[in-house]
Amino acid sequence: MSADKGITPRATDFSAWYNDVIMRAELADYSPVRGCMVIRPRGYGIWELMQRALDDMFKATGHQNAYFPLFIPESFLRREAEHVEGFAPETAVVTRAGGKELEEPLVVRPTSETIIYSMLGKWVQSYRDLPVLLNQWANVVRWELRTRLFLRTTEFLWQEGHTAHATSAEAEEETLKILAVYRDFMENWMALPVLTGVKTDAERFAGAVRTYACEGLMQDNKALQAGTSHFLGQNFARAFDVQFQTMDGTMDYVWSTSWGVSTRLVGALIMAHGDDVGLVCPPRLAPLQVIIVPIWRSDEERAATFEVAERLKAELTASGVRVDVDRRDGMKPGAKYYEWEGRGVPLRLEIGPRDVAQGQAMSARRIGGKQPVSLADATTVIPDLLDGIQTELLARARARRDEHSVRGTTKEQLIELMEGQGGFAYGGFCGDGACEQVIKERTKATVRVLPDPEFRSAEAPVRCVWCDRPSVTEAVWARAY
RNA sequence: CGGGGCGUAGCGCAGCCCGGUUAGCGCGCCUGCUUCGGGAGCAGGAGGUCCCCGGUUCAAAUCCGGGCGCCCCGACCA
C-alpha cells in the first residue's frame, strides 16, 4: 500500500497535485457515473466530523433537522422566476417511472427551497408559528458540464438551512448569524481564514434578495466560495403563498433565509493545507489524529513496543484523542511514515526499544517538528501538540492569504495580478454590473465579495478600479473555482 | 459544448510509426526466508476481453472507419 507514485508538485500543476492528493490519501475515487464521485471512508470521515461540528452549531442556534423529498414537481421550480432561470438548465428530470411516463416530470432537487415553501404554507398560520428554523442534511444534483472531485460534482452532499421569520430585520439577522457560524467553523475547525461579505447581483443566488458568502484563498491563489447565506426577502413566500397573521391582525408574507455548505469544504481543506507529500488535515477534522508506529527487530522488542503502544492508545482514546496503532508486520517504519503523511494524519508517535527503555515516544508533526514525549504525561502533551498544529495551520493559511492580498489595487495591477500570481485584489467599485462584466472578460476575475467592515481597507477607495467613476463600495476580486 | 491529451494486469507505463508465432516492464498483490529508528532484499508465484463495434489481411494491441469513456484547458456554473 505504500506510495508507488509520487505526487505532482503543486508548483508543476496544481490540478494534478489536487487529484494526486485525493487518490494518495484515499479520500475519493471516480465512479462509473460521469461527474459523480465515490467518497471513500477516509474522505467521508472528514465530512462526518464536519457534519458533527456544524450540526452542533446549528442546534446551538436553535435549528432543528428535518427531511424533505429528493423529487420536486417540475412546476414548483417555475413558480419563482429567477429561481427557475438559474436552476432549470442544470437539473436532472425524471420523466418515466414505474414503467410509464409520469403525468408531471419530477426534478431531482438542485436545492430545496421550492418544496420546503410548499410545506411551510401549510404549517404557518400565525406569527406565533414563527420563526421556523430548519436544516436538512441531504444530497442534491446539479448537472454541471465540468466536474472536479469535491469541488463540483454532479451529485453532492450538503446541508441546507431554511428559515422563515415574521420580519425582514429578523430574517436578515438570521442570515448574518449563520454567516458568522460558517466563518467560525471554517476558521476554528478547518483552519481556513475566510473573507465575509455580500455578493454582487451577478453572483447572487437565483431567487435571493442578497447573498452573503465566505471566501477562502487556496494555495494556487484562486478563491473558493466556501459557504453562502441568503436573505430571500419575501420572494419564495410570495411564490408559494406562505402568509401569516400578524400581531395586529393583518396578513403578511414570511421573510426567509437559506444557507448551505457542502462536501466542497473537503476540497477547500485539501487545497488550503495540503503539501507536496499529500494531505495535511487539521487535527479537529482528522478522522485519525495520531498514528502510533511501533518499531522492533526481535520478538521480544515487538512484544515490548506493542504493549507500550497499545497502552498509550488506550490512554489517549480515553482522553478523547482519535488514535490507532500501525501493527502491520513486514513493512518498514519509513514506509509507514510516508503512507500516514500522505493521508494527512497530524501527529505520529514512534515507539522503539530505546523509547520503551526511556519511557517516552518520539512525536513527529505532519507539518514538521519532532520531539520526545514522556509517556507519563502523554495525555496532556499530545492534545496540546494537536492544538498547536491546529493553531499553526490557521496562522499559516492566514499569513499566506495576507501575503496574496493587495489593497488599493489599480487597473493595471488588477490585470497583472490576475494574469500572474493571483490572489485577492481589493479596490474601489462603481457598482455597475456592466463594469463588473468587462473586468471578468478581461481578467477572468470576479467580485468575490463586497467585504464586511472588518475586512475593508483602512482608507476607503474613492474611484472604481476599472472605470475611474466614483466608487460606491470596496470590492475584492479574484479568479475563482 | 469547443480545444488538447489518454484508453494495454489493481496502479503507472512500454510496445503501435514499420502487422507475425508465449504481449512486456516498474510498483502493488500471494508464498517463503532474511529484514525493520525515513520508501527493504532475495527466491518462487498469481493476475490481461490490449475500451467497444466493424473493416482490411493468411495474420491486428499495431493499419482503416465509426462509437464510447476518462483527464486537463476553455465556455458554463449558489
Side-chain angles (χ1 to χ4, degrees), chain A residues 1-8 12-20 22-24 26 29-37 82-83 85-91 110-113 140 142-149 151-154 156 158 160 199-208 210-215 224-230 232 258-262 264 277-278 293-299 301-302 305 326 328-342 348-357 361-362 364 370 372 440-441 444 446 448 479-481:
Chain A
M1 288 296 175
S2 75
D4 51 327
K5 187 199 161 219
I7 291 175
T8 307
T12 304
D13 181 343
F14 196 79
S15 289
W17 168 82
Y18 177 77
N19 289 330
D20 287 349
I22 290 170
M23 294 303 160
R24 172 78 171 266
E26 300 170 336
D29 205 348
Y30 297 101
S31 79
V33 183
R34 180 211 290 271
C36 294
M37 67 173 175
E82 268 194 31
H83 195 64
E85 195 186 326
F87 283 105
E90 52 181 276
T91 53
T111 179
S112 301
E113 276 79 2
V140 288
R142 296 182 187 179
W143 217 258
E144 304 285 358
L145 292 174
R146 186 174 164 213
T147 58
R148 304 193 65 184
L149 294 172
L151 299 177
R152 185 175 289 103
T153 48
T154 300
F156 57 95
W158 77 343
E160 46 181 325
K199 290 282 188 181
T200 60
D201 286 352
E203 303 281 325
R204 189 165 41 80
F205 174 71
R210 262 189 302 285
T211 289
Y212 297 87
C214 296
E215 293 279 331
L224 183 74
Q225 178 173 296
T228 46
S229 184
H230 315 290
L232 304 175
S258 71
W259 27 276
V261 296
S262 70
R264 167 182 273 197
V277 177
V293 180
I295 300 161
W296 73 92
R297 291 163 187 269
S298 64
D299 286 347
E301 285 175 351
R302 184 176 189 278
T305 54
D326 190 339
R328 288 174 295 181
D329 205 342
M331 196 171 173
K332 294 181 72 172
K336 292 181 179 180
Y337 301 167
Y338 277 92
E339 188 177 281
W340 292 112
E341 283 165 6
R348 177 178 74 238
L349 294 176
E350 306 165 9
I351 299 180
R354 291 202 295 272
D355 300 305
V356 172
M362 183 57 72
K370 279 186 136 182
K440 184 177 177 182
E441 283 161 13
K444 290 179 184 152
T446 48
R448 301 321 302 159
R479 285 190 182 179
Y481 276 97

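Whole-Å rounding puts the A:Met362 CE to B:G37 C1' distance at 9 Å. The separation between A:Tyr30 atom OH and B:C72 atom C1' is 10 Å, rounded to whole Å. One atom, CZ of A:Arg302, and another, P of B:U34, lie 15 Å apart when rounded to the nearest Å. Rounded to whole Å, the distance from NZ on A:Lys444 to P on B:C76 is 11 Å. What separates CG of A:Leu151 from P of B:A78 is a distance of 16 Å, to the nearest Å. With rounding to whole Å, A:Ile7 atom CD1 is found 18 Å from B:G39 atom P. Between the C1' atom of B:G38 and the NZ atom of A:Lys332 lies a distance of 9 Å, rounded to the nearest Å. B:G37 atom P lies 12 Å from atom OH of A:Tyr338, rounded to whole Å.
Looking only at distances, a side-chain donor or acceptor of A:Tyr18 sits under 3.5 Å from a matching main-chain atom of A:Leu149.
No contact: A:Glu441 has no heavy atom under 4.0 Å from any strand. Residue contacts shown for A:Pro110 are absent, as no nucleic acid heavy atom lies under 4.0 Å away. In this structure, A:Phe156 reaches the bases: a heavy-atom distance under 4.0 Å links it to at least one base atom across the strands shown. Nucleic acid contact class of A:Arg348 (heavy atoms, under 4.0 Å, all strands): base. Residue A:Trp259 is classed as having no contact, given no heavy-atom separation below 4.0 Å to the nucleic acid. Counting any heavy atom pair closer than 4.0 Å across all strands shown, A:Gln225 reaches a base atom. Nucleic acid contact class of A:Glu90 (heavy atoms, under 4.0 Å, all strands): sugar-phosphate only.
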Decide yes or no on side-chain contact (heavy atoms from CB on, under 4.5 Å) for A:Arg142 and A:Thr111, but give the supporting numbers first.
CA-CA 9 Å; A:Arg142 296 182 187 179; A:Thr111 179; 3.8 Å; yes
Test side-chain contact (heavy atoms from CB on, under 4.5 Å) applied to A:Asn19 and A:Tyr30, step by step:
CA-CA 10 Å; A:Asn19 289 330; A:Tyr30 297 101; 3.6 Å; yes
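Using a 4.5 Å heavy-atom threshold, the side chains of A:Val356 and A:Trp296 count as separate. Residues A:Glu113 and A:Leu232 are in side-chain contact: their nearest non-hydrogen atoms beyond the backbone lie under 4.5 Å apart. Put simply, the side chain of A:Phe205 does not reach to within 4.5 Å of the side chain of A:Trp259, judged on heavy atoms. Contact of the A:Arg348 side chain with the A:Glu341 side chain is registered, since non-hydrogen atoms from C-beta on lie closer than 4.5 Å. In this structure, A:Arg264 and A:Gln225 have side chains that are in contact, with non-hydrogen atoms separated by less than 4.5 Å. Residues A:Glu203 and A:Thr211 have side chains not in contact (no heavy-atom distance under 4.5 Å, counting atoms from C-beta outward).
Straight-line distance between the P atoms of B:C16 and B:C6: roughly 15 Å, to the nearest whole Å. B:C77 and B:G12 have their C1' atoms separated by 33 Å, given to the nearest Å. The gap from the C1' atom of B:G4 to that of B:A78 amounts to 30 Å, rounded to the nearest Å. Taking atom P on both B:G37 and B:G20, the two are 47 Å apart, rounded to the nearest angstrom. Comparing B:C52 with B:G69, their P atoms sit 15 Å apart, to the nearest whole Å. Taking the P atom of each, B:G67 and B:G3 are spaced 14 Å apart, rounded to whole Å. Nucleotides B:A61 and B:A23 are separated by 10 Å at their P atoms, to the nearest Å. Taking the C1' atoms as reference points, B:G7 lies 15 Å from B:U62, given to the whole Å.
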Give each protein N/O atom lying under 3.5 Å from an N/O atom of nucleotides 1-4 of chain B, with the pair distance.
none

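Counted within 6.0 Å of CD on A:Glu82, heavy atoms from surrounding residues, nucleotides or ligands total more than 12; the atom is thus considered enclosed. Counting non-hydrogen atoms of neighbouring residues, nucleotides and ligands closer than 6.0 angstrom, the CH2 atom of A:Trp143 reaches no more than 12 such neighbours.
Between B:C77, B:G39, B:C36, one nucleotide has an atom nearer to the side chain of A:Ala335 than all others, and that is B:G39. When distances run from any side-chain atom of A:Trp158 to the nucleotides B:C36, B:G39, B:A78, the shortest one goes to B:A78. Among the nucleotides B:C72, B:C77, B:C36, the one closest to any side-chain atom of A:Ser15 is B:C72.
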How does RNA chain B look in dot-bracket notation if pairs are Watson-Crick or G-U with both distances under 3.5 Å, crossing ones as [ ], other-strand ones as |?
((((((((.[[[[.)....(...]]]].((((((.....)))))).....[[[[[..)....]]]]])))))))....
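Judged by distance alone with a 3.5 Å cut-off, a donor-acceptor contact links the side chain of A:Arg142 to the base of B:A78. No N or O donor and acceptor, one from the side chain of A:Glu339 and one from the base of B:G38, sit under 3.5 Å apart.
Of the two residues near RNA chain B, A:Asp13 and A:Trp296, the one whose nearest nucleotide lies more 5' is A:Trp296. Comparing A:Tyr337 and A:Arg152 by the nucleotide of RNA chain B whose heavy atom lies nearest to each, the residue mapping closer to the 5' end is A:Tyr337.
Regarding contacts with the backbone of B:C36, a side-chain N or O of A:Arg297 is found under 4.0 angstrom from either OP1 or OP2.
Taking the six-membered ring where tryptophan is involved, the planes of A:Trp17 and A:Phe14 are tilted, since the angle between them lies from 30° to 60°.
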